[in-house]
Student: 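Sharing a structure below in structure tokens format, with a few things to ask.
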Amino acid sequence: MKDFIAALPKAELHLHIEGSFEPELMFEIAQRNQIEIPYKTIDEVKKAYQFSCLQDFLDIYYAGAGVLIHERDFYDLAMAYYQKCYENNVIHTEIMFDPQTHTERGIAFETVINGLQKARLDAKEKWGINSLFIMSYLRHLSEESAFETLKQSLPYKDLITSVGLDSSEMGNPPTKFKNVFEASVKEGYIPVAHAGEEGPAEYIWEAIDILKVARIDHGNRCLEDENLVNEIVKRDLALTVCPLSNLELRNTDVMTNHPLKKLLDKGIKATVNSDDPAYFGGYMNANFEAVQEALDLSKEDIVTLVKNSFNYSFATDEQKRYYLEKVDEVIADFN
Ligand code: ADE
Ligand code: ZN
């Protein structure tokens, strides 16, 4: 199974670039930029990465992102992630970035996007990896701040495919961002949103009915509302599920209780993703291995998850056909 998972080409649909910031690179960039960080050794970092909830994690994640200053820093961050994609056989990835995490600290939008874009071009050339960008609004900030971010993004509109919604979910329902999502869609961005990670099923209803998302990030808590499950199936909306994240943020107590198999059994188009791999202990293959083992997923389940990742990506139909052919080639090799 491990070899099968590793050999399959995959698409990643839920990845925060700031969450792929490995401690080694963080030390290097902090030193380069002469910024003090509260850890001296990798061991100290690992000890700090014990989370009791989403907010606990977010506090540490935003602090870590604080050492990113120059275009080169964003380039290095993204190249390190693309290298992991190569190692994990991720051939298509849809990368979220949080502009406000940086613009709030006085870093220009341009610095962030230029660093990411240079890495995207180099990763395509070096490893053949295709990727697109999802600009995520921070939901703990105001809608006005999201509007400002939308405005800053417009000169780079051609580089950005989609808009998302992340950060502290409880108390920040999707409705808070109704107007800015409407405006973003008018600019041509495809809407997605985190919903039902910690927040209730009601937030998932809002994400689909009010923000009109094309995909739901996490969405695990839809299982608490049967009508919602039926609606998600009926509207053919995919969920970007993140197993190791759910475990580390205690949205799942033990992996054997993870809802992924239940979601698949209900006919929901689930996908497997790493979310913030540097913080949650694993990239794509590790996420697949963890759920496969805990839930005793079959080869057919793994194939379904992998095919879902391509079918529900924002790739072109032509790209999708090519990707699915590659998947079928590997399946044939293993039979
Ligand atoms: N930002 C980065 N990771 C996140 C997550 N899992 N949930 C909400 N916001 C995030
Ligand atoms: Zn996320």
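Order of listing sets the numbers, starting from 1, for every ligand and every atom in it.
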Student: In terms of atom number and element, which parts of ligand 1 are under 4.0 angstrom from non-hydrogen atoms of Phe57?
Tutor: 2 (C), 3 (N)
Student: Using distance alone, decide if ligand 1 has a nitrogen or oxygen within less than 3.5 Å of any nitrogen or oxygen in Asp98.
Tutor: no
Student: For atom 1 (N) of ligand 1, what is the closest protein heavy atom, and at what distance to 0.1 Å?
Tutor: His16 CE1, 3.5 Å
Student: Could you check, using the six-membered ring where one of them is a Trp, whether Tyr137 and His194 have ring centers closer than 6.0 angstrom?
Tutor: no
Student: Salt bridge or not for Arg72 and Asp76, using N-O below 4.0 Å?
Tutor: yes
Student: Side chains of Pro243 and Val272: closer than 4.5 Å at any heavy-atom pair?
Tutor: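 Yes, their side chains come closer than 4.5 Å.
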Student: What protein heavy atom sits nearest atom 3 (N) of ligand 1, and how far off is it?
Tutor: Asp276 OD2, 2.7 Å
Student: Fit a plane to each ring of Tyr279 and Tyr49, take the angle between them on a 0 to 90° scale, and name the class: parallel (under 30°), tilted (30 to 60°) or perpendicular (over 60°).
Tutor: tilted
Student: Is the shortest side-chain N to carboxylate O distance from Asp56 to Arg250 below 4.0 Å?
Tutor: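 Salt bridge between Asp56 and Arg250, a charged N being under 4.0 Å from a carboxylate O: no.
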Student: Give the atom numbers and elements of ligand 1 that come within less than 4.0 Å of a heavy atom of Asp275.
Tutor: 3 (N), 5 (C), 6 (N)
Student: Between Asp265 and Lys261 (salt bridge meaning N to carboxylate O under 4.0 Å), is one present in this structure?
Tutor: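 Salt bridge between Asp265 and Lys261, a charged N being under 4.0 Å from a carboxylate O: yes.
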Student: Taking backbone and side chain together, does His14 place any N/O/S atom at a distance below 2.8 Å from the Zn ion (ligand 2)?
Tutor: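 Here the distance criterion (N, O or S atom, under 2.8 Å) is met by His14, so yes.
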Student: Calculate the angle formed at the Zn ion (ligand 2) by NE2 in His194 and OD1 in Asp275; 10° precision is enough.
Tutor: 170°
Student: Just wondering, is there an N, O or S atom on Asp217 that's nearer than 2.8 Å to the Zn ion (ligand 2)?
Tutor: no
Student: Answer with yes or no whether Ser167 contacts ligand 1, where contact means a heavy atom under 4.0 Å from a ligand atom.
Tutor: yes
Student: Measuring from the heavy atoms of His218, does anything fall under 4.0 Å of ligand 1?
Tutor: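 It does; at least one heavy atom falls under 4.0 Å.
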Student: How close does the nearest protein non-hydrogen atom get to atom 7 (N) of ligand 1, and which residue and atom is it?
Tutor: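 Looking at atom 7 (N) of ligand 1, the protein heavy atom closest to it is Glu197 OE1, 2.7 Å.
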Student: Output the atom name for the N/O/S atom of His16 with the smallest distance to the Zn ion (ligand 2).
Tutor: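 Relative to the Zn ion (ligand 2), the closest nitrogen, oxygen or sulfur of His16 carries the name NE2.
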Student: So, are Arg321 and Glu325 salt-bridged, with charged N and O less than 4.0 Å apart?
Tutor: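 The answer is no: the pair does not qualify as a salt bridge.
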Student: Using a strict cut-off of less than 4.0 Å between a Lys/Arg side-chain nitrogen and an Asp/Glu carboxylate oxygen, indicate whether Asp236 and Arg215 qualify as a salt bridge.
Tutor: no
